[in-house]
K.L.:
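First, the structure itself, so that you have it in front of you.
Quick caveat, the model's predicted, so the values are computed rather than measured. Per chain, numbering begins at 1; letters A, B, ... match sequence-line order.
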Amino acid sequence: MPLQRSELSQATDEVQEYLWTMNFGPQHPATHTTLRLILKLEGERVVDADCDIGYLHSGFEKLAEHLNYNQYVTITDRMNYVSPMANNVAWHLAVEKLMGLEVPPRCQYLRVIVAELARIADHLVCNAAVGLDTGAFTFFMYAFNPREMIYDIFEALCGARFTNSYTRVGGLMYDASPKAIELIREFLRKMPRALDDMDRLLTRNRVFVDRTKGIGVLTKEEAINRGVTGPIARASGVTRDLRKDEPYLAYSDFDFQVCCAQGGDCYARYLVRMAEMRESLKIIHQAVENLPSGPVHVDVGQRAIIPDKWQVHSTIEGLITHFEIIMQNRGFEVPCEEVYCATESPNGELGFYIVGDGSPYAYRARCRPPSFVHFALFPHLIRGHMLGDVVAVLGSLNIIAAELDR
Amino acid sequence: MTRMTDLPDNVVITKLDALVNWCRKNSLWPMPFATACCGIELMATGASRHDIARFGAEVFRFSPRQCDLMIVAGRVVMKMMPVLQRIWLQMHEPKWCISMGACASTGGVFDTYAVVQGIDRFIPVDMYVPGCPPRPEQLLQAIIDLQEKIQREGSAWGKDVERRPHQPPRALLADPKNPRLLVAGPPIFAQDEAANKWDTGKRGESPDS
Amino acid sequence: MVSSETIQAIQARFPSAEITEFRKQFRVCVPREIVHDVLRFLKDECGFTLIIDITCVDYLYYPKAKDRFGVVYIVGRPENADRLIVKTFVNDPEPTLPTVTDLWEGARWLEREVWDMFGIRFEGHANLRRILLPEDFQDHPLRKDYPLQGRGERHNIPVVTRDMG
Ligand code: SF4
């Protein structure tokens with residue numbers, strides 16, 4: 001099928017005759033993912049932009065209706081593939097809310113740790129991309145180094161580098177091994193220095209500041225009106241952070257701050273992300289040092305988790321539970337109800353709206369993707385700026401195509 | 001008469017084809033067609049720890065005109081497929097294609113209405129890398145294997161390209177007006193027998209056989 | 001958690017609204033004629049100025065369902081985590097609803113997605129095109145009567161061979 005021509009490119013108005021139309025993407029290095037922009041230019045100035053998305057639409061929500069609550073976690077990995085752990089946690093939090101399960105403290109703490117590690121990984125990529133697009137290649141290399149450390153931690157926790165599928169209904173796949181804890185401690189020791197290096201490289205870099213300050217300004221009112229959440233909203237002065245406002249998991253136990261800025265431009269977003277990484281380190285530190293002991297999943301009697309192998313082989317309850325959960329026509333006990341449950345993912349409010357119909361398959365599982373809402377902002381932010389600012393604005397919005405299109 | 005043994009040490013006698021292939025295989029310029037999660041591993045392969053430069057393939061170029069190796073990393077959906085084909089057609093011969101990851105090779109976990117079930121149905125592929133995502137080491141192995149393949153075949157003047165049997169593409173046959181244009185025909189729906197057959201049979205008809 | 005005063009205010013203003021609670025979440029179920037008024041009331045007088053999500057559920061095979069499509073609006077307060085779910089039902093043929101883009105700019109793409117996936121028209125939306133799927137796609141894939149593997153659209157692409165380039 002031919003690429004769709006946008007309405008913009010068909011403009012025949014005499015007034016618009018001298019305007020240029022430029023196609024940007026869907027395969028373009030600066031988009032980092034697959035999205036397409038159709039820019040209307042007057043010389044170098046962007047007069048208008050039209051976004052064309054869906055180049056990675058792969059039917060996630062339809063798939064959710066055909067996989068059970070545990071299987072679908074593998075698909076959530078592939079949703080925001082820069083921070084898959086955050087998606088895993090968000091999905092199973094929603095499922096547990098639907099089923100009315102409360103996970104034990106050790107599991108909550110471990111989930112907080114992995115979610116915060118995912119936040120650091122995500123912010124690293126986002127800031128690295130902004131740096132790369134504005135010409136700071138070294139910064140990119142510095143930012144990607146700690147990411148490998150995070151991958152190592154995830155590998156020690158669950159065996160996969162970044163398609164982790166670490167959570168399960170009512171618990172986790174494995175408990176954290178001492179090796180993993182040791183790796184996390186090492187990461188906590190090394191990361192502040194890496195952050196300092198990054199700060200020194202870019203935060204007061206003249207070129208970078210000139211290219212991002214005052215670019216793509218989003219006011220507080222506009223941010224609210226357009227449904228923006230997460231670091232982008234906080235960079236515009238909206239103090240909404242679900243970790244504080246609606247403490248899920250164990251977030252109420254930790255001491256941390258919500259990072260906000262006033263500017264609302266690309267530079268403010270960069271600063272908010274840098275500050276949030278430090279706060280995340282603080283949370284991880286507290287969580288690791290106070291990690292409670294105990295099981296990492298709910299009691300076997302609650303019919304939500306697959307029991308350990310030794311229980312299956314040696315106890316009758318274990319065998320029955322295993323059977324009940326694995327069999328196609330049994331599975332979890334789910335009420336015929338609907339819930340919406342949101343978490344503060346690295347990108348913003350990541351929520352799942354799940355409709356249960358009594359079967360172990362979700363009747364409908366809607367994901368509220370922050371990238372989707374944020375990308376709708378783009379034409380508003382870029383209007384009136386130069387062509388070269390397109391990449392800075394795009395980078396600072398942190399659009400992940402798989403989450404955008406699902 | 002000069003005997004072989006009389007040659008000085010630093011002279012090598014070889015076939016020109018072999019020499020050209022040797023040059024080609026050690027200077028692959030990849031075109032990263034990174035759509036989804038596998039793209040992150042592709043980036044990791046390019047970054048410092050795994051360092052794809054050890055195999056001479058570090059020059060990522062985003063213009064298809066400059067590249068000779070396309071790495072399709074990630075799922076390709078039906079809206080993206082024409083774009084992929086257009087980029088492939090813009091690359092110059094000799095060119096190769098690596099399909100990285102389960103999604104690009106077979107559709108992977110996404111057996112849904114939108115995802116193309118293997119890009120090899122619509123463009124030629126030389127190497128498949130299994131895994132979801134493949135580890136960077138696997139991608140490096142694929143590049144090494146591809147280098148072997150390049151060394152085995154191909155000639156300096158591209159005779160093998162000319163000798164390739166002419167295969168008329170299937171879907172375009174129905175459209176005699178513009179045989180080279182990338183336009184979809186009228187939609188085929190599943191009630192249509194032909195559309196169903198596509199799904200199951202005829203995978204063997206690999207484009208570069 | 002939304003305070004009970006807010007809930008009472010909504011109930012007093014719209015007696016036809018059905019308010020239920022599940023896991024500390026309030027859901028307001030209203031007839032489709034007044035959904036725009038309810039949302040305007042929530043935005044202007046109750047402080048729910050943040051549109052979080054608009055989505056839809058196809059109740060075709062749902063046990064004991066009466067209507068086919070349930071459209072869900074999730075609104076929130078920007079200064080804390082309060083949120084409220086507003087729900088309304090529409091039916092075939094020609095499911096339509098008034099647009100809420102006049103209240104929230106952010107609703108534009110969300111409504112386009114609902115149109116794309118479920119085929120629900122939003123009257124008054126300035127640019128109700130498909131957003132995720134190609135323009136010439138024929139169905140609305142998240143409807144329950146559309147098969148997971150599709151109807152062959154994913155195979156309907158011309159093939160490029162080695163000798164073409
Ligand atoms: S193969 Fe796996 S990692 Fe690669 S694009 Fe597909 S889902 Fe993502």
K.L.:
Is it the backbone or the side chain of A/Glu65 that comes under 4.5 Å from a heavy atom of chain C, or both, or neither?
P.N.:
side chain

K.L.:
Rounded to the nearest 0.5 Å, what separates atom CD in C/Glu105 from atom CG in A/Leu377?
P.N.:
10.0 Å

K.L.:
Please classify the contact of A/Leu63 with chain C as side chain, backbone, both or neither, using a heavy-atom distance under 4.5 Å.
P.N.:
both

K.L.:
Would you indicate whether the side-chain heavy atoms of A/Lys62 and C/Met117 approach each other to under 4.5 Å?
P.N.:
no

K.L.:
Top residue by heavy-atom pair count (under 4.5 Å) with chain C, among A/Pro335, A/Ala233, A/Gly227?
P.N.:
A/Gly227

K.L.:
Using the rule given for salt bridge (Lys or Arg N to Asp or Glu O under 4.0 Å), can you reason through C/Glu113 versus A/Arg406, listing the C-alpha separation, both sets of side-chain angles and the distance that settles it, and then say yes or no?
P.N.:
CA-CA 11 Å; C/Glu113 193 188 349; A/Arg406 281 150 297 127; 3.0 Å; yes

K.L.:
How many angstroms lie between atom CG of C/Leu132 and atom CZ of A/Phe372, to the nearest 0.5 angstrom?
P.N.:
5.5 Å

K.L.:
Compare all side-chain heavy atoms of A/Val355 with those of C/Tyr62 and state whether any distance is below 4.5 angstrom.
P.N.:
yes

K.L.:
Without swapping roles, check the side chain of A/Arg368 against the backbone of C/Ile52 for a donor-acceptor pair under 3.5 Å.
P.N.:
yes

K.L.:
Aromatic rings A/Tyr363 and C/Tyr59: how do their planes relate, parallel, tilted or perpendicular, breaks at 30° and 60°?
P.N.:
parallel

K.L.:
Using non-hydrogen atoms and a 4.5 Å limit, figure out which bit of C/Arg130 sits close to chain A: side chain, backbone, both or neither.
P.N.:
neither

K.L.:
Would you mind reporting whether A/Tyr340 and C/Val72 have side-chain heavy atoms less than 4.5 Å apart?
P.N.:
no

K.L.:
Would you say A/Glu337 and C/Gln25 make side-chain contact, with heavy atoms under 4.5 Å?
P.N.:
no

K.L.:
Relative to chain A, which of C/Ile85, C/Thr20, C/Ile74 shows the most heavy atom pairs under 4.5 Å?
P.N.:
C/Ile74

K.L.:
Can you check whether C/Leu142 reaches A/Arg364 side chain to side chain, under 4.5 Å on heavy atoms?
P.N.:
yes

K.L.:
Please flag which part of A/Val238 lies under 4.5 Å from any non-hydrogen atom of chain C: side chain, backbone, both or neither.
P.N.:
side chain

K.L.:
How many angstroms lie between NZ in C/Lys64 and CG in A/Asp357, if you round to the nearest 0.5 Å?
P.N.:
11.5 Å

K.L.:
Does any backbone or side-chain atom of A/Glu349 lie under 4.5 Å from a heavy atom of chain C? Answer side chain, backbone, both or neither.
P.N.:
side chain

K.L.:
Taking the side chain as everything from C-beta on, heavy atoms only, tell me whether C/Ile131 gets closer than 4.5 Å to A/Ile53.
P.N.:
yes

K.L.:
Report the C-alpha separation of A/Glu338 and C/Lys87 in whole Å, then their side-chain angles, then the decisive distance to 0.1 Å, and conclude whether the salt bridge (Lys or Arg N to Asp or Glu O under 4.0 Å) test is met.
P.N.:
CA-CA 11 Å; A/Glu338 327 192 343; C/Lys87 203 168 159 192; 3.0 Å; yes

K.L.:
When rounded to the nearest 0.5 angstrom, what is the spacing between CD in A/Glu61 and OG1 in C/Thr55?
P.N.:
6.0 Å

K.L.:
Would a 4.5 Å heavy-atom cut-off, applied to side chains only, mark C/Leu50 and A/Arg240 as touching?
P.N.:
yes

